[in-house]
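What follows is a set of notes on a single structure, which appears directly below.
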Amino acid sequence: MSNFTPVYATMRAIGAYVPPKILSNSDLEKMVDTSDEWILKRTGIKERHIAEADVATSDLAVEASRDAIARAGIEAQDIDLVICATVTPDYFNMPSTSCIISNKLGIRNVQAFDISAACSGFVYGLSIAKAFIESGMKKNVLLIGAEKFSSIVDYTDRSTCILFGDGAGAAIISATTDASEKIIDIHASADGSYSDFLMTPAPGTVNPVTQEVIEQGLQYVKMKGNETFKLAVKTLTKDVKEILAHNGISSDKIDHFVPHQANYRIIKAVGDSLKLKEEQIILTVGKYGNTSAASIPMAINDIYESGRLRYGDLMLLDTFGGGLTWASALLPFAGKN
Ligand code: UT7
């Protein structure tokens with residue numbers, strides 16, 4: 001008989017941070033031709049948080065990480081891998097934001113790298129953390145989604161500047177031998193034929209920084225909003241149905257559906273397609289806007305801090321973003337309350 005004990009990956013703790021400054025819809029009314037009514041009706045967003053000029057993405061990430069580490073009951077030294085999902089790194093392209101975060105947290109001589117999957121970054125990162133842990137290579141992964149999205153927003157473009165906010169979320173993904181705690185499944189996918197739906201054209205090898213590039217505003221996020229919206233509803237609906245069917249789980253068993261917080265109407269459409277009740281659907285887009293890779297861990301932290309998220313609760317995560325990328329995950333929460 002073999003003595004082999006399988007090792008699983010589990011979400012042991014969550015943390016998040018938003019910078020204090022708020023940019024409200026009425027503030028935006030003074031900046032571009034828009035209205036509180038239009039923004040609320042089309043997106044569900046009331047306000048978003050914006051970091052000060054001297055605050056970097058890593059600073060937001062460090063605050064979120066400190067909470068997650070403390071709640072996991074571990075020390076920074078117990079972490080053996082740091083992954084930061086971001087499309088607004090401290091520097092394009094080195095050093096990675098993960099290296100800067102590790103240094104600020106006092107985590108030394110540990111593998112650290114960033115991943116770029118836009119809004120899907122956190123769930124993509126979860127699949128990487130899971131693979132590292134289940135292969136036996138790592139025991140405690142600090143997984144972060146952090147964005148200073150305001151740094152790539154053109155505040156004269158009403159079609160994008162109303163949507164995005166800054167923030168960070170962090171989770172500790174740890175090894176466990178308790179199968180009831182394991183991350184059940186993750187589906188992640190991409191289709192680069194839609195790469196122009198949501199992009200920042202510069203800086204990069206296609207558009208290195210020049211005066212002309214800056215004058216054209218190519219460093220700012222560009223989005224084919226309506227086309228992205230339609231594809232998001234279609235893809236996410238299909239994706240959540242597939243992951244539930246694949247695991248033989250019906251939607252009424254989901255305690256918390258935690259979708260990417262881009263637009264209330266997208267979330268509602270996906271929720272309706274699964275016949276979810278209102279209390280199953282986590283909505284934070286109204287107060288944070290779209291925080292890209294940070295949106296899902298920030299939303300998980302919201303229900304954790306409000307006492308709604310309990311040990312063993314089943315979560316369904318679902319996200320969609322630039323690339324285009326999309327991903328879903330089924331997992332219980334295995335943190336302490
Ligand atoms: O996070 C990654 C994934 N991202 C998403 O999933 C975002 C997906 N897209 C969306 O959430 C929506 O497409 C938006 C909220 C961005 C836009 O809503 P929409 O219902 O798709 O509007 P639209 O782009 O079709 O624009 C409708 C009208 C246009 O005017 P006309 O051409 O009908 O006269 C726009 O110029 O609304 C106008 N408009 C605005 N009006 C007031 C666009 N932005 C604004 C604005 N205020 N901020």
Side-chain angles (χ1 to χ4, degrees), residues 23-48 85-88 115-124 145-150 152-167 169 188-192 194-200 220-240 258-271 273 282-286 288-299 317-328:
L23 182 67
S24 68
N25 290 352
S26 61
D27 294 331
L28 284 161
E29 281 176 347
K30 292 172 203 133
M31 295 159 69
V32 288
D33 181 15
T34 191
S35 67
D36 175 46
E37 192 197 351
W38 191 96
I39 301 171
L40 253 183
K41 198 168 150 210
R42 300 280 179 134
T43 69
I45 302 169
K46 297 186 189 79
E47 57 190 31
R48 58 299 282 142
T86 186
V87 288
T88 49
I115 63 157
S116 169
C119 306
S120 307
F122 183 80
V123 186
Y124 263 54
E147 305 281 10
K148 187 180 181 184
F149 219 90
S150 59
I152 57 165
V153 166
D154 175 358
Y155 284 97
T156 64
D157 175 7
R158 70 174 183 174
S159 70
T160 53
C161 74
I162 55 140
L163 299 171
F164 297 99
D166 300 339
S189 200
D191 187 343
Y194 297 108
S195 56
D196 63 337
F197 273 34
L198 185 44
M199 72 186 311
T200 45
Y220 294 125
V221 65
K222 319 276 178 215
M223 181 166 68
K224 294 186 177 174
N226 197 260
E227 290 92 326
T228 308
F229 181 98
K230 286 180 194 150
L231 208 55
V233 171
K234 200 169 122 197
T235 309
L236 290 174
T237 304
K238 185 166 172 280
D239 201 33
V240 283
V258 190
H260 171 49
Q261 306 286 320
N263 186 316
Y264 164 75
R265 291 186 292 141
I266 298 175
I267 297 170
K268 171 111 179 48
V270 179
S273 80
I282 307 310
L283 264 182
T284 58
V285 70
Y288 301 137
N290 182 347
T291 57
S292 184
S295 98
I296 285 188
M298 282 170 64
L317 317 183
D318 194 21
T319 187
F320 185 87
L324 292 172
T325 55
W326 60 94
S328 55

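Whatever order the structure lists ligands and atoms in, that order sets their numbers, starting from 1. Numbering starts at 1 and runs along the sequence shown.
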Cys119 heavy atoms, cut-off 4.0 Å: which ligand 1 atoms fall inside?
1 (O), 2 (C)

Options Thr34, Leu236, Ile39, ranked by nearest heavy atom to atom 46 (C) of ligand 1, top entry
Thr34

Do the side-chain N and O atoms of Glu147 and Thr86 include a donor-acceptor pair separated by under 3.5 angstrom?
yes

Flag Thr43 as yes when one of its N or O atoms lies below 3.5 Å from any N or O atom of ligand 1, and as no otherwise.
no

Need the ligand 1 atom indices (1-based, order shown) with element for anything under 4.0 Å from a heavy-atom of Asn263.
10 (C), 11 (O), 12 (C), 15 (C)

To check you understand the geometry: which heavy-atom pair defines the closest contact between Leu163 and Thr43, and what is its length?
CD2-CG2, 3.7 Å

Which ligand 1 atoms does Leu198 reach within 4.0 Å, using its non-hydrogen atoms?
2 (C)

Kindly indicate, with the supporting measurements, whether the criterion side chain to side chain contact (heavy atoms under 4.5 Å, CB included) is fulfilled by Leu231 and Tyr194.
CA-CA 10 Å; Leu231 208 55; Tyr194 297 108; 3.8 Å; yes

Does an N or O anywhere in Thr228 fall below 3.5 Å from an N or O of ligand 1?
no

Going by side-chain hydrogen bond (donor to acceptor under 3.5 Å, both in side chains), Arg48 matches just one of Asn25, Thr291, Asp27. Which one?
Asn25

Report yes if the side chains of Glu29 and Asp36 come closer than 4.5 Å at any heavy-atom pair, otherwise no.
yes

Can you find a heavy atom in the side chain of Pro259 that is under 4.5 Å from one in the side chain of Val270?
no

Atoms of ligand 1, numbered as shown, that sit under 4.0 Å from any heavy atom of Ala262:
1 (O), 5 (C), 6 (O)

Residue selection (non-hydrogen contact nearest atom 37 (O) of ligand 1) among Tyr264, Phe164, Trp38
Trp38

Within the 4.0 Å heavy-atom shell around Asn226, which atoms of ligand 1 are there?
13 (O), 19 (P), 21 (O), 25 (O)

